[in-house]
Amino acid sequence: MAAEYFERRRSKRTNIKGDKQKVREELLLSGREDGLEVREVEGKGRGVFSTQNFSRGQFVCEYAGELIDNETAKRRELFYEEKTEYGCYMYYFNFKNKTLCVDATAESGRLGRLMNHSRRKANCATKLVCVQGKPHLILETIRDVSEGEELVYDYGERSREIMEDHEWLKN
């Protein structure tokens with residue numbers, strides 16, 4: 001009977017998750033990388049720095065490159081091991097029960113591939129998102145980031161052999 005006398009209340013809040021997803025998709029599809037610049041970092045080479053403040057959970061950029069299957073990725077990795085002048089910027093992940101890889105080794109002007117590693121002081125993390133049925137790896141902040149900070153994330157490498165060969169992975 002209460003419905004006869006009282007108007008049904010409806011929330012005036014917006015769909016925050018949906019709005020965030022729309023903004024993320026727009027940024028991904030446009031290729032924009034606002035608030036970022038590349039600088040030289042002693043002992044690391046190039047790194048990505050913020051030219052604005054970022055809030056926790058904010059989109060930073062995409063880890064952009066060629067999306068390839070696991071078999072192709074393994075072949076390329078062997079090739080890159082022999083040709084050290086190329087480097088190796090490969091990110092493996094699972095999507096719909098398949099192992100895929102984003103190969104960002106080729107210089108593209110995109111900045112995600114230049115973000116350095118920090119195991120202990122990471123301020124970003126990768127996140128897998130699906131846009132128009134296609135997987136994308138993005139980097140988002142995991143805490144508030146101030147203008148001028150280097151943007152870094154944990155590469156997740158824990159192999160003792162690799163960490164011994166690359167001392168910087170311990171930081």
Side-chain angles (χ1 to χ4, degrees), residues 20 24 27-28 31-70 72-95 98-131 134-171:
K20 184 177 180 179
R24 182 188 291 148
L27 290 168
L28 268 170
R32 288 181 24 212
E33 298 179 322
D34 299 338
L36 308 176
E37 75 176 5
V38 177
R39 296 185 201 162
E40 288 295 317
V41 180
E42 189 175 330
K44 293 183 182 181
R46 295 176 290 175
V48 178
F49 288 78
S50 63
T51 60
Q52 67 181 38
N53 294 328
F54 284 90
S55 300
R56 182 178 186 256
Q58 190 172 345
F59 174 88
V60 174
C61 64
E62 180 179 11
Y63 190 90
E66 184 181 358
L67 182 63
I68 55 177
D69 63 50
N70 190 44
T72 303
K74 293 295 183 186
R75 283 194 305 273
R76 284 191 190 176
E77 218 171 3
L78 291 172
F79 174 77
Y80 295 149
E81 282 178 19
E82 293 176 12
K83 305 283 186 179
T84 56
E85 66 270 16
Y86 290 111
C88 186
Y89 297 80
M90 300 180 81
Y91 197 113
Y92 290 86
F93 63 96
N94 291 314
F95 180 71
K98 291 182 182 177
T99 300
L100 299 174
C101 177
V102 172
D103 182 357
T105 302
E107 287 281 352
S108 66
R110 302 296 301 275
L111 302 183
R113 70 186 289 278
L114 298 178
M115 286 179 61
N116 286 315
H117 164 80
S118 180
R119 185 174 178 181
R120 296 185 182 101
K121 296 181 182 179
N123 53 21
C124 293
T126 55
K127 185 173 190 173
L128 177 63
V129 297
C130 185
V131 177
K134 182 180 172 189
H136 293 265
L137 291 171
I138 64 168
L139 291 140
E140 285 187 339
T141 54
I142 57 173
R143 65 167 175 78
D144 290 346
V145 175
S146 300
E147 181 179 340
E149 274 189 73
E150 183 179 12
L151 295 157
V152 292
Y153 69 102
D154 184 352
Y155 290 179
E157 183 59 64
R158 301 296 186 262
S159 162
R160 177 174 284 157
E161 179 182 309
I162 291 173
M163 290 181 69
E164 285 174 2
D165 289 343
H166 304 285
E167 188 69 27
W168 54 270
L169 284 171
K170 295 178 183 176
N171 296 331

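A heavy-atom distance below 4.5 Å is found between the side chains of L36 and F54. Proximity of N70 to K98: side-chain heavy atoms (C-beta onward) are nowhere separated by under 4.5 Å. Residues L139 and L151 are not in side-chain contact: their nearest non-hydrogen atoms beyond the backbone lie 4.5 Å or more apart. With contacts defined as side-chain heavy-atom distances shorter than 4.5 Å, the pair K74/Y92 qualifies. Residues Y63 and Y89 are in side-chain contact: their nearest non-hydrogen atoms beyond the backbone lie under 4.5 Å apart. With a 4.5 Å cut-off on side-chain heavy atoms, I68 and M90 count as touching.
Here the shortest heavy-atom pairing between E33 and E62 reads OE2-O, 4.3 Å. A64 and A104 get closest at one heavy-atom pair: O-CB, 3.1 Å. Considering all non-hydrogen atoms of both residues, R113 and A106 come closest at NE-O, 3.8 Å. Residues D34 and R32 share a closest heavy-atom pair of OD2-NH2, 2.7 Å. Between D154 and A122, the closest heavy-atom pair is N-CB, 3.9 Å. Counting all heavy atoms, side chain and backbone alike, P135 lies closest to L67 at CG-CD2, 3.9 Å.
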Checklist entry - Given the rule in the side chain to side chain contact (heavy atoms under 4.5 Å, CB included) test, do T141 and N123 qualify, once you have shown the distances and angles that lead to the verdict? => result CA-CA 6 Å; T141 54; N123 53 21; 6.0 Å; no
Checklist entry - Checking side chain to side chain contact (heavy atoms under 4.5 Å, CB included) for the pair M115/C61: CA distance, chi angles, key distance, verdict? => result CA-CA 10 Å; M115 286 179 61; C61 64; 4.0 Å; yes
Next on the checklist: V145 vs N53, test: side chain to side chain contact (heavy atoms under 4.5 Å, CB included). Steps then yes/no.
Outcome noted: CA-CA 6 Å; V145 175; N53 294 328; over 6 Å; no
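From C101, atom SG reaches atom CD of E77 across 7.5 Å, with rounding to the nearest 0.5 Å. To the nearest 0.5 Å, atom CD of residue E140 and atom OH of residue Y153 are 14.0 Å apart. Taken from CZ in R24 to NE2 in H136, the straight-line distance is 11.5 Å, to the nearest 0.5 Å. One distance of note links SG of C88 with CZ of R76; it measures 10.5 Å at 0.5 Å rounding. Here the SG atom belonging to C124 is positioned 11.5 Å from the CG atom belonging to N116, to the nearest 0.5 angstrom. One finds the CD atom of E66 at 8.5 Å from the OG1 atom of T72 (value rounded to the nearest 0.5 Å).
No donor-acceptor pair closer than 3.5 Å links the side chain of D103 to the backbone N or O of A73. Without hydrogens or angle criteria, D144 side chain to R56 main chain gives a donor-acceptor distance under 3.5 Å. Formation of a donor-acceptor pair under 3.5 Å by the S50 side chain with backbone atoms of G148 is found in this model.
By the 6.0 Å contact criterion, CZ on R39 is enclosed, its count of non-hydrogen atoms from other residues, nucleotides or ligands being greater than 12.
In summary, E107 and R46 engage in a salt bridge, as defined by a charged side-chain N under 4.0 Å from a carboxylate O.
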